[in-house]
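Below, chain A is the first sequence line, B the second, and so on; all start at residue 1.
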Amino acid sequence: MKHVPLTEDNQMPKAFDPQAVEAGWYARWESDGLFIADANSENRKFTICLPPPNITGELHMGHALNHTLQDIVARYRRMAGYEVLFLPGTDHAAIATQNVIEKQLAAEGMTKEQLGREAFTARVDEWYRNVGDTIVSQDRVLGISLDWTRLRFTMDARYYRSVMTAFVEFYERGWIYRAPRIVNWCPHDRSAISDLEVEWQEHQDTLYFIRYRIEGGGDVTIATVRPETMLADTGVAVNPNDERYRSLIGKTAVLPLVGRKLPIVGDDAVDKDFGTGALKVTPGHDPMDYEIGQRHGLEIVNGMHDDASMNVPGLPYDGLPALDARRRVVEDLKAQGFLVKEEPYAHEVGHCDRCHTIIEPLISDQWWLRMDIMRDKALAASEAGKVRWHPERYERTYLDWLRGLRDWNIGRQLWLGHRVPVYYCGNGHKIVTVEAPEMCSECGSTELTQDPDVLDTWFSSALWPFATLGWPDETEDLKTFYPNDMNSTAREIINLWVSRMIMTGLEFMGEVPFSDVAIHCVVQAADGRRMSKSLGTGVDPRDLIQNYGTDALRAWVASVAMSTQDVRFDESRIEGYRRFCNKLWNATRLLLSSPGIQSSDRPGALEVQEHLEDRWILSRLSHACGVVTAGIEAFTFQESINAAYAFAWNEFCDWYLEAIKDRLRAGDIVAQDIAFSCLDALLRFLHPFMPFVTEELWSRLPGRSDYVMRNPWPQPDFVDPRAEEEFGQAMAIVEEVRGHRQAAEAPPRGGRLQLDGSTGKTVASLAARLAHVDLVEELDRGTPLVTAVGRVSFPAGSGDSRREKERKRLEEDLAKLEAKLANEEFQTRAPAGVVKNLEERAEATRSALARLTAGE
RNA sequence: GGGCGGCUAGCUCAGUGGGAGAGCGCUUGCCUCACACGCAAGAGGUCGUUGGUUCAAACCCAACGCCGCCCACCA
């Protein structure tokens, strides 16, 4: 395939323009099928299933970060010879989407109840079609190399069937059951939500102390922040070890305002030191009370409707919203002399993480999934080292949660989501099947109604690593690409999502769904606040791409994503990476402008390494490439991008290209080829981080066809410690001469440098050339050097203001070194290598000082 | 209440036992035929506090102080 750079002429513009460079590449990669995975490939496989964003969402910084990380790994693996499947998809986001549709309906003066469930579902489907893949399409702008032929949606027919299958399989194992329990009830969504979907916020409330009379004389005072729930009290509990109350156990209290008789029970769960030490027991509205009630056989009263209004027929509070009822109850208690006192009280109150409504714990019949067996398998898998976490410490977060895991409330009382596949016939039979049944399997009745509940969104997400590949069918994809290799997420969904994928993967596929989990950091606003749309603190990645280019954004992401702490957004660092793109652009431009370059890429030229700088840069290239590779493999992307940046800018551009400029102009084939070889490798190992600019520049190199992303990962292995040592000497001398030149206010070029035999001829002449001075045999007057034995002088300029300062620095260094060397314990206990190193440094400092002084 | 992470240059962050680093910002000099989105030379830090371990601590340990996150059925 003949490859043509995007801009046809080879006259490269002087400055890098991200918009122009990024414009066409993605479409070409995609249309040439570069991201399509071949299940029949002979290569080793590498799979990532992109965490599905909510279909209603907009691309934000978190996506940019997470998707970029995965793309870095995917592109790297492709170049390293793997058959990579990087699968995209979206999540139906039940509660979020339902809220959106309900708002639309409200704007039209309608409710979903008026519309009816079927019409509502149709409306949702239409919405999904309209929103379609806009969210994931934005990944194209980010350059994410996803296999779009395998795009999945959690509400697709195929995926739906996977979810139903999972439910039925769990059901048939006897792990799914229906039972009344206290659940987190969202009165706005009128649905239960799981513990993990509850958001806790501190509230300043009031703690009310209320006196309950005891039959046969006396009374007991309890404390509560939710006095309205007392209307559903069915008992009073005290700690059996509490001297104050022990004698009350077995007696009966009388509920104020209601008159209900409340057995007084003893239970260890009661904290003697909280409030009064006596607890009102409301099994219908508090998880702990529910358990106490179960232990003592207390009655359960449900005192609330599903919209959080009171359900207390016959009482004046019936139908009131909870907070209104609270006020009335408190007033009445006060009026009747039952309210002992009120205290300000700060505590955590649960809110729905989707709509932020205050959660009401209440008793409800729900679908539950038994977790103990899956939990134990997951724990065993971790013990066997099947899943590696990056950074490692998150494994503990996960394991701690897992160990305390309880059954999962998988039912939701929404209209949107995967419908529970349970059908009831008119004769009281229950049918649980993947496909909707025609008739009752037991009595043949065709009057069937489906259970109204839908499943928790995370139930379907839990199946992502294999349901996307076709499970339960044994598809080619499933056989080839399961297990996945990597999962990358923010830490906030480790328990919601990652843990559940691991459990279902082990259960249904018999293997953990991925071997590595990368947990990336969170980008905060520049002032340290959370980035959020509602706070107005969000930064739109698309604006950054507009201003600095995708490559700059991605390089920055790589430099911060795996940071141990959350990072504050810092635009100047992104700008820095745009300048880096520009640097690469211009380095390429320099090489392409050297004479005779179009016939370059002659095999063999690389074998000639007579020049010190050539050997040096090739050695440094091998080093840099090794660091970049190791960084990606270890999920420490910052090490990769830092090494690539430093090599490209500080070594290749600042030193090597400067050193070979004359040779380039003279058409030196060796210099050209070594420079091209370095640039070629550099563009390749930068490609996963900065795909657009590297593809563009690489396409302009002579003799390069096809795409850089389809070329092999570079593995240079030229290591030459002696060249690195010698070139290092030259660098030190050049920097010192430049320093003297500036201090002497001498012109930028000219002057004479004399070096004695201790500096090799190659090093001496290279240093002189780069420092723009003439190398001479003899030099009587001039500034003595510190980095080598020799002197430098300049044609014009005033004295040497640096000397005193330099002397002071050297003297201080020497004093420190000598003090340490004089320490006997150091001499005897420190490793020999450390002592030797210090001795050498001391000697070098002494001779530098001597040279400085001798010159006076 | 339990756990985790952070505190390093003016700002944002790397570094994790033996010579304090980067980007941006700042100072000075340069439009040197790749790049002023640049080149060169600099200034700037008792590495949160206090103890301990060690010949040696930014780095290991302990306590404390702030900042942030996760988990938790004390009304």
Side-chain angles (χ1 to χ4, degrees), chain A residues 12 14-16 182 195-196 200 207 222-226 229 237 269-276 278-282 286-292 345 347-348 361 391 393-394 396-397 400-401 404 406 491-492 494-495 521-522 524 526 528 530 548 556 559-560 563-594 638-639 642 645-646 650 653-654 657-658 661 664-665 735 738-743 745 747-749 772 802 813 816-817 820 823-831 833-835 837-838 841:
Chain A
M12 291 174 69
K14 195 170 159 185
F16 161 71
I182 295 287
D195 291 346
L196 289 171
W200 295 91
L207 189 60
I222 57 87
T224 179
V225 284
R226 291 194 299 156
T229 63
V270 180
D271 181 354
K272 288 188 289 184
D273 302 321
F274 186 88
T276 62
L279 173 72
K280 74 184 200 53
V281 184
T282 323
D286 184 277
M288 191 174 93
D289 291 13
Y290 176 79
E291 284 177 16
I292 294 174
Y345 183 61
H347 67 141
E348 301 270 302
R393 65 189 143 91
Y394 287 114
R396 241 191 79 183
T397 307
D400 284 349
W401 180 80
R406 299 189 294 173
R491 58 177 177 264
E492 61 181 9
I494 289 175
N495 298 329
C521 75
V522 174
Q524 303 170 333
R530 194 185 172 80
Y548 306 105
W556 171 72
S559 74
V560 301
S563 168
T564 52
Q565 61 172 340
D566 289 344
V567 291
R568 294 186 178 197
F569 177 67
D570 181 3
E571 199 159 344
S572 73
R573 287 184 64 181
I574 301 176
E575 188 180 357
Y577 285 110
R578 190 196 59 186
R579 292 187 197 178
F580 181 50
C581 293
N582 188 58
K583 192 71 180 175
L584 294 172
W585 183 267
N586 277 288
T588 307
R589 209 157 68 90
L590 169 68
L591 286 185
L592 288 178
S593 68
S594 40
Q638 69 280 5
E639 289 179 12
N642 289 346
Y645 185 101
N650 306 122
C653 290
D654 288 351
L657 290 182
E658 291 303 326
K661 260 183 185 170
L664 282 181
R665 282 188 204 116
E735 282 170 349
R738 285 174 184 158
H740 289 306
R741 187 193 292 283
Q742 178 122 350
E745 294 178 349
R749 282 160 188 272
H772 302 298
R802 260 170 67 110
D813 282 0
K816 264 195 252 173
L817 289 167
K820 213 162 185 184
N823 183 336
E824 226 172 277
E825 298 224 68
F826 172 73
Q827 290 284 355
T828 53
R829 297 199 185 220
V834 173
V835 178
N837 177 271
L838 244 65
R841 275 165 52 204

Contacts of A/Arg568 that satisfy salt bridge (Lys or Arg N to Asp or Glu O under 4.0 Å) - sequence neighbours left out:
none
Output the rounded distance in Å from CG (A/Leu664) to P (B/C33).
16 Å
Pick the C1' atom in B/U54 and in B/G3, then give their distance to the nearest Å.
30 Å
Is there a donor on the side chain of A/Lys14 or the base of B/C35 sitting less than 3.5 Å from an acceptor on the other?
no
Partner set under side-chain contact (heavy atoms from CB on, under 4.5 Å) for A/Ala587, not counting sequence neighbours
A/Cys653, A/Leu657
Could you give the distance separating B/C74 and B/G68 at their P atoms, to the nearest angstrom?
23 Å
Shortest side-chain distance from A/Arg396, nucleotide among B/A41, B/C4, B/C39:
B/C4
Atom CD1 of A/Ile494 and atom P of B/G3: how far apart are they, to the nearest Å?
18 Å
Nearest heavy-atom neighbours spanning A/Asp570 and A/Ser572
OD1-OG, 2.9 Å
Calculate, to the nearest 0.5 Å, the distance between atoms CH2 and CG belonging to A/Trp401 and A/Asp195 respectively.
9.5 Å
From B/C13, B/A34, B/C4, pick the nucleotide closest to the side chain of A/Leu657?
B/A34
Length of the line joining A/Glu658:CD and B/C35:P, which is rounded to integer Å:
11 Å
A/Trp585 has an atom CH2; how far is it from atom C1' of B/A36, in whole Å?
18 Å
From CZ (A/Arg579) to OH (A/Tyr548), nearest 0.5 Å:
9.5 Å
Quick one: NZ on A/Lys661 to CG on A/Leu590, what's the gap to the nearest 0.5 Å?
6.0 Å
Give, for atom CG of A/Asp566 and atom CZ of A/Arg491, the distance between the pair rounded to the nearest 0.5 Å.
4.0 Å
Of the nucleotides B/A40, B/G6, B/A34, which has the atom closest to the A/Asn586 side chain?
B/A34
Expressed as a whole number of Å, how far does the C1' atom of B/C71 sit from that of B/C11?
34 Å
Does A/Asp813 have any salt bridge (Lys or Arg N to Asp or Glu O under 4.0 Å) partners at least two apart in sequence or in another chain, and if so, which?
A/Arg809
Length of the CG-P vector between A/Leu590 and B/C39, whole Å
13 Å
With B for base contact, S for sugar-phosphate-only contact and - for none (protein heavy atoms under 4.0 Å), nucleotides 17-30 of chain B reads -BB---BS---B--
Rounded to the nearest Å, what distance is computed from the CG atom of residue A/Leu592 to the C1' atom of nucleotide B/A34?
10 Å
Ignoring hydrogens and angles, state whether a donor on the side chain of A/Arg589 or A/Asn586 is under 3.5 Å from an acceptor on the partner side chain.
yes
If you pin A/Asp654 and A/Trp556 to their nearest nucleotides in RNA chain B, which one's is more 5'?
A/Trp556
Correct closest heavy-atom pair for A/Val270 and A/Leu279 would be CG2-CD2, 4.0 Å
Whole-Å C1' distance, B/C70 and B/U16
24 Å
Would you classify A/Cys653 as touching base, sugar-phosphate or nothing, given that sugar-phosphate means primed atoms plus P, OP1 and OP2, and contacts are heavy atoms under 4.0 Å?
base
Distance check, C1' atoms only: B/G25 and B/G10, in whole angstrom units.
7 Å
Look at all strands and tell whether A/Asp400 reaches a base, only sugar-phosphate, or nothing, counting heavy atoms closer than 4.0 Å.
nothing
Using the P atom as the point on both nucleotides, what is the distance between B/G51 and B/G42, in whole Å?
37 Å
Taking atom C1' of B/C47 as reference, at what distance in whole Å does atom CD of A/Gln565 sit?
14 Å
From A/Arg749 atom CZ to A/Arg741 atom CZ, the distance as rounded to the nearest 0.5 Å:
8.5 Å
When you check the phosphate oxygens OP1 and OP2 of B/U32, does a side-chain N or O of A/Lys661 lie under 4.0 Å from one of them?
no
Ion pair present between A/Lys280 and A/Asp286, side-chain N to carboxylate O less than 4.0 angstrom?
no
Could you state the atom-to-atom distance from CZ of A/Arg749 to C1' of B/A40 in whole Å?
12 Å
Encoded 5' to 3' (Watson-Crick or G-U under 3.5 Å; [ ] crossing; | other strand), RNA chain B becomes ((((((((.[[[[.)..(..]]]].(((((.......))))).....[[[[[..)....]]]]])))))))....
Interatomic spacing from CG in A/Leu838 to NZ in A/Lys816 - rounded to 0.5 Å:
11.5 Å
Closer to the 5' end of RNA chain B via nearest nucleotide, is it A/Arg393 or A/Gln827?
A/Arg393
Parallel, tilted or perpendicular: ring planes of A/His347 versus A/Tyr345, cut at 30 and 60 degrees
tilted
Taking the C1' atom in each of B/U46 and B/A58, what is the distance between them to the nearest angstrom?
12 Å
Can you tell me, in whole Å, how much space there is between the P of B/C55 and that of B/C13?
38 Å
How does each nucleotide of nucleotides 67-75 of chain B score, in 5' to 3' order, for protein heavy atoms under 4.0 Å: base (B), sugar-phosphate only (S), or none (-)?
--SSS-BBB
